[in-house]
Amino acid sequence: MLEIQRIRNEEEAIIEGLKKRHFDARPIVEEVLSVDEQWRAKKGALEKTASQMNQISKQIGILFGQGKQEEANKAKAQTADLKAQESALKVEVDELDKKIINLMYQLPNVPNALVKSGGSELDNEIIEEFGEMPVFGFRALPHWEITDKFNLIDFELGVKITGAGFPVYKGKGAKLQRALISFFLDEADKAGYEEYIPPLVVNEASGYGTGQLPDKEGQMYYIQEDDLYLIPTAEVPLTNIYRNVMLPDENFSIKLTGFTPCFRREAGSYGKDVRGLNRLHQFDKVEIVRIEHPSNSDKALNEMIGHVKGLLEKLGLQYRVLRLCGGDTGFAASMTYDFEVYSAAQEKWLEVSSISRFDTFQSTRLKLRFKNTDKKSQLCHTLNGSALALPRIVAALLENHQTEEGVNIPEALHKFTGFEKI
RNA sequence: GGAGAAGUGGCAGAGUGGUCGAAUGCACUGGUCUUGAAAACCAGCGUACCGCAAGGUACCGGGGGUUCGAAUCCCUCCUUCUCCGCCA
């Protein structure tokens with residue numbers, strides 16, 4: 001959520017910035033400001049009335065204390081009008097309050113200066129490419145044929161037990177999964193991220209904290225009976241560790257990591273997009289999260305990019321880095337870098353990681369602040385990224401490291417898998 | 001799941017309808033004293049919002065209610081503790 005102060009002070013800059021998302025913010029921003037003005041007027045009136053009420057009440061108390069019953073009762077009679085006024089104003093103020101919040105929830109984050117204007121993925125910028133595109137001297141198999149051939153993942157079995165999008169990993173497939181998780185966590189640990197095992201179900205407040213609610217309500221599995229949500233990413237529980245937190249000074253750089261399964265309803269997805277491991281309802285992911293001083297946000301983002309590059313290189317995967325255009329950048333992010341690996345078998349790029357900075361967009365909702373040198377509270381910056389999401393990495397590994405005989409496991413994984421080939 | 005108790009400022013802990021944003025102690029900050037430190041003494045010490053300011057409003061687990069007035073009474077939810085039940 002954008003800060004109301006910022007909307008008041010930088011109206012035009014925000015509207016201009018959001019054009020890069022092909023989002024016309026003017027009607028909303030103008031309404032916010034107009035409602036905000038009404039709110040302030042009503043709020044002022046309400047506080048004035050409350051102040052009068054408080055004074056009279058105090059007087060009544062003193063009069064009763066002095067045993068002056070009559071005068072006290074007389075004073076009581078005066079309050080009826082004020083009280084009616086107060087409760088009417090309160091209702092109005094509450095309504096205006098809700099109106100502003102609802103409007104603010106509709107405003108996405110303002111893209112960073114580096115972000116190009118654009119409406120869809122077609123406008124994303126390719127920032128960097130690494131490695132050689134895979135070339136095979138034989139017919140390369142898509143991963144779902146490889147997993148089938150070597151008995152690594154049983155999609156049908158998942159359908160039987162649960163439904164489509166819930167694969168069953170088995171044998172070397174399961175071991176590869178576990179190895180990747182260990183590898184990613186070890187690498188994050190080496191890079192200074194503290195490991196957490198958070199809950200996989202979160203309450204409504206946490207969903208709002210990181211911005212999944214109300215924007216993406218339909219994307220999360222919801223447990224009605226307990227009013228809880230299955231996490232769509234570890235970002236939610238990890239970042240919410242710091243909800244309503246005031247860091248005591250400016251000297252902080254908080255780095256968290258965690259492995260969790262992630263649950264996504266993916267309503268509306270169909271066809272070849274969901275083939276094999278490309279899009280699942282349940283998948284595993286190691287996430288990295290950072291909470292930073294605003295002045296350190298750039299540096300943190302670059303470190304995260306470097307970290308993911310390192311992972312992909314150690315896995316021997318060729319990749320490219322994209323900076324998403326305004327229209328393709330997520331609602332809460334001000335800038336996002338995607339990592340993609342080319343699948344020769346599927347003849348398309350697979351998104352394997354996404355790193356975003358949110359500036360104060362999440363911390364506004366989270367109330368995540370620090371005390372600056374002037375002893376004032378100031379909002380922190382948050383960032384997060386996948387490091388890495390398993391399914392597409394597994395798909396990329398199987399497809400790009402395949403030979404006519406099987407699949408070569410990258411050396412970095414050997415100590416975790418216990419085998420070098422499939 | 002059942003029965004009971006409790007949730008107050010950074011911590012501890014008073015406060016059961018009126019001048020309570022809240023005693024007191026500890027911690028913390030500044031000062032006096034001291035060669036320095038400690039001790040002692042003095043002063044200060046929550047957050048948010050509105051306002052140029054003076055100031056005002058709100059906050060005693062969350063939400064709602066009673067009342068002129070609520071930390072205090074009522075309802076409800078949450079959490080913690082004790083006992084019972086169930087259970088990996």
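Throughout, a chain's letter reflects where its sequence line sits, starting with A, and its residues are numbered from 1.
U57(B) and U19(B) are spaced 14 Å apart, taking the P atom of each and rounding to whole Å. Spacing between C28(B) and C78(B) at atom P, rounded to whole Å, works out to 40 Å. For the P atom pair drawn from C73(B) and U8(B), the interatomic distance equals 15 Å after rounding to whole Å. The P atoms of C74(B) and U66(B) are separated by 15 Å, rounded to the nearest whole Å. Rounded to the nearest Å, the gap between the C1' atom of A70(B) and that of G15(B) is 13 Å. Between the P atoms of C20(B) and U34(B), the separation comes to 40 Å (whole Å). Rounded to the nearest Å, the gap between the P atom of C60(B) and that of A23(B) is 15 Å. Comparing the same atom, C1', in A12(B) and in G62(B) gives a spacing of 24 Å after rounding to whole Å.
Within the structure, every pair that satisfies the salt bridge (charged side-chain N to carboxylate O under 4.0 Å, His left out) test and touches residues 351-360 of chain A, not counting sequence neighbours, is listed here: Asp298(A)-Arg357(A), Arg357(A)-Asp359(A).
For Met53(A), the side-chain atoms get nearest to G69(B) when compared with the rest of G69(B), G18(B), C50(B).
Figure legend: cation-pi geometry between Lys172(A) and Phe419(A), with NZ or CZ positioned under 6.0 Å from the six-membered ring centre and within 45° of its axis.
One side chain, Ser343(A) or Glu399(A), offers a donor N or O that lies under 3.5 Å from an acceptor on the other. Asn278(A) and Arg275(A) share no side-chain donor-acceptor pair at under 3.5 Å. Side chain to side chain, Asn244(A) and Lys367(A) fail the donor-acceptor criterion of an N or O pair below 3.5 Å.
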Mark up nucleotides 51-65 of chain B, 5' to 3', with B wherever a protein heavy atom is under 4.0 angstrom from a base atom, S wherever such an atom reaches only the sugar-phosphate, and - elsewhere.
-> S----BBS-------

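Residues Leu152(A) and Leu398(A) meet the side-chain proximity criterion, which asks for heavy atoms closer than 4.5 Å. Counting heavy atoms from C-beta outward, Val308(A) and Val352(A) have side chains that stay 4.5 Å or more apart. Between Glu86(A) and Leu46(A), the closest side-chain pair of non-hydrogen atoms falls below 4.5 Å. Side-chain atoms of Phe184(A) and Ile393(A), non-hydrogen and from C-beta on, do get closer than 4.5 Å to each other.
When the nearest nucleotides of RNA chain B are assigned to Trp39(A) and Lys83(A) by heavy-atom distance, the more 5′-ward of the two goes with Trp39(A).
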For RNA chain B, the dot-bracket notation using Watson-Crick and G-U wobble pairs below 3.5 Å, [ ] for pseudoknot-type crossings and | for other-strand pairs, is ((((((((.[[[..)..(.....]]].(((((.......))))).(((((....))))).[[[[[..)....]]]]])))))))....

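Distance, Ile100(A) CD1 to C49(B) P: 14 Å, rounded to whole Å. Taking atom CD1 of residue Ile62(A) and atom C1' of nucleotide C20(B), one finds them 13 Å apart after rounding to whole Å. Taking atom CG of residue Leu368(A) and atom P of nucleotide A48(B), one finds them 14 Å apart after rounding to whole Å. With rounding to whole Å, Lys376(A) atom NZ is found 13 Å from U47(B) atom C1'. Rounded to an integer number of Å, the gap from CD of Glu3(A) to P of C49(B) is 10 Å. Spacing between atom NZ of Lys367(A) and atom P of A48(B) amounts to 11 Å, rounded to whole angstrom units. Between the CG atom of Asp81(A) and the P atom of C68(B) there is a distance of 14 Å, rounded to whole Å. At whole-Å resolution of the value, CD1 in Ile56(A) and P in G18(B) are 19 Å apart.
At the phosphate of C50(B), OP1 or OP2 sits under 4.0 Å from a side-chain N or O atom of Gln5(A). OP1 or OP2 of U47(B) lies within a sub-4.0 Å distance of a side-chain N or O belonging to Lys371(A). For U47(B), neither phosphate oxygen OP1 nor OP2 lies less than 4.0 angstrom from any side-chain nitrogen or oxygen of Arg369(A). A close approach under 4.0 Å does occur between a side-chain nitrogen or oxygen of Ser377(A) and OP1 or OP2 of A48(B).
Under the 3.5 Å distance criterion, the side-chain polar atoms of Ser353(A) are left unmatched by any main-chain donor or acceptor of Ala387(A).
Across all strands, Thr79(A) comes closer than 4.0 Å only to sugar-phosphate atoms, never to a base (heavy-atom distances).
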Show your working on ring-ring contact (aromatic ring centres under 6.0 Å, His included) between Tyr208(A) and Tyr105(A) and close with a plain yes or no.
-> CA-CA 10 Å; Tyr208(A) 275 96; Tyr105(A) 276 148; 5.7 Å; yes

